[in-house]
Every structure is written in structure tokens, then in C-alpha cells.
S.K.: 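The structure under discussion is supplied below as C-alpha cells; questions concerning it will follow.
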Amino acid sequence: MRGVIFDIDGTLVDSVDLHARAWQETFRHFGREIPFDCVRAQIGKGGDQLLPALLPEDVVRDRGEQIEAYRSDHYKRVYLPEDRAFPSVRELFERLRADGKRLALASSARGDELEAYNRITRVGDLIEAESSSDDAERSKPHPDIFQAALGRLGGLGPDEVLVVGDTPYDAEAAAKAGIRAVGLTCGGWPEEQLRAAGCVAVYRDPVDLLGRYERSPLARGA
């Protein structure tokens, strides 16, 4: 195991509820009242996958781009300043780098949000590659974003890499790319659902994963 590809929202940054609120308030702005829990259950997907799960097909076709643009601006103005990294994110990345692992970020967020997350997590100097929804035709649970990150790492096969994420969509996308996944429950998904989606191991958060690193798939392979 020579590389690790990390999801960001809910995995490295405590932002799932913030994204859900931004989407819910966006839908309300466009005259659609959708329960918070229904919206939250879709966080981890990009807008191309989230909107069809929550809105009628004609609304997505006619107003989808407008809705996504409003959501992006609303999130950056209102909620991005509230984003905080989970504890020990940088320490986990430093441990992986000391162990010779090559690191990448792969998020369903847009590219400009990814730049902000590099500042929030303080790992920009420790990663070799990153990919966002801007680099993929389809967001998670499709494999495109992870495939883009793997390609940018260069020289590594899917069997030499692990994905770390917090949603079943991460595990499903990783599996479609031929990559094993490790789950974190800090994003709100329970362990049983992460394992059912294909995660080979599940930890509470970056602190827990760092504390049990030596016996984790990240250290020994899966």
C-alpha cells in the first residue's frame, strides 16, 4: 500500500451539517422545502447527483445550474468561514508521509472550495495531488473523482492505494475504481452502513485512525 486518497467533507473537515443547511436554504430560496435529514443523507455527492435525488427531473433540467450556482455562492459566503478541520488531521498526514505514503485529496466539492479546504486542514504541503468535481464528468458515487486523483498521483495502481471517506458514496465510488476504502464515522454515517458499502475497516475520526495507525490498513495494506 503506497498511497492514500482522502475525501474531505465529513472526513477531514466537520462540514456535513453546514453543507446540508446551505443546500436546504438554497432549495427554500427556489420554493422547495426539503427536510434537513433528507438533504443531509445526500451530502457526499456532488450537485449533479444530489439534485436528481431530491428534485423533480424537469426542475433539475430547467434550473439545475442556477440552483447549483446559488448554493455554491451561499455556502462560501455564509458557511465556509465556519468550517473547521477535525483534530489531528495534519498529524495523521505527517505520520503517513513519514511512512512513505503518497497522499491525495479527492472531493465532490468544487475546485475553489478545495483551495479553502487546503488552508483549513493545513495539509497542502503534504499532498501530491487533488481532484474535485471540476475534474470529473460525474461526482460520487461514480468513480470519476477518485480515478482523477489516482491518475494525478501517477505510477500507482488501484491495488496500491486506499481511499479514506465518511460516506457510503465514498466506498461505492472507490469500489468502482477498484480501490479499497476505509471509513470514518465522524461524518455521521454509522459503521454498519459504511461496512455494508464496502469499507474494509472503520474508525471514529482522524484521531482514532492515527491512534490505531500501526494496525490499520493504512500501515499494513488491506
S.K.: Do the charged groups of D135 and R152 touch, with an N to O distance under 4.0 Å?
M.R.: yes

S.K.: Taking all non-hydrogen atoms of both residues, which atom of L156 and which atom of L150 are closest, and how far apart?
M.R.: O-CD1, 3.6 Å

S.K.: Return the minimal non-hydrogen interatomic distance between I34 and L54, and the atom names on each side.
M.R.: CD1-O, 3.7 Å

S.K.: Is the positively charged end of K140 above the ring of Y169, judged by distance under 6.0 angstrom from the centroid and angle within 45° of the axis?
M.R.: no

S.K.: Should E68 and S133 count as side-chain neighbours, where that means a heavy-atom distance under 4.5 Å?
M.R.: no

S.K.: Could you tell me if the ring centre of H29 sits under 6.0 Å from that of Y70?
M.R.: yes

S.K.: Whether D144 and R138 form a salt bridge (side-chain N of Lys/Arg under 4.0 Å from carboxylate O of Asp/Glu) is what I want to check.
M.R.: yes

S.K.: How close do Q24 and P35 get, counting heavy atoms only, and between which atoms?
M.R.: NE2-C, 3.8 Å

S.K.: Return the minimal non-hydrogen interatomic distance between P81 and K76, and the atom names on each side.
M.R.: CD-O, 3.6 Å

S.K.: Is there a side-chain contact between R204 and F86 (heavy atoms, below 4.5 Å)?
M.R.: no

S.K.: Checking Y117 against E130: is there a side-chain donor and acceptor pair closer than 3.5 Å?
M.R.: no

S.K.: Please tell me if the side chains of Y213 and L96 come closer than 4.5 Å, counting only heavy atoms from C-beta onward.
M.R.: yes

S.K.: Atom CD of residue position E192 - does it have more than 12 heavy atoms of other residues, nucleotides or ligands inside 6.0 Å?
M.R.: yes

S.K.: Are D125 and R90 within salt-bridge range, i.e. N to O under 4.0 Å?
M.R.: yes

S.K.: Do V16 and R40 make a side-chain contact, defined as non-hydrogen atoms from C-beta onward lying under 4.5 Å apart?
M.R.: yes

S.K.: With a sphere of 6.0 Å drawn around CD of Q66, does it hold more than 12 non-hydrogen atoms of other residues, nucleotides or ligands?
M.R.: yes

S.K.: Using side-chain heavy atoms (C-beta onward) and a distance below 4.5 Å, is V182 in contact with F6?
M.R.: no

S.K.: Taking all non-hydrogen atoms of both residues, which atom of E94 and which atom of L126 are closest, and how far apart?
M.R.: CG-CD1, 3.8 Å

S.K.: Do you know which two heavy atoms are closest between A85 and T121, and how far apart they sit?
M.R.: CB-CA, 4.1 Å

S.K.: Is the number of heavy atoms from other residues, nucleotides or ligands within 6.0 Å of CD (E65) greater than 12?
M.R.: no

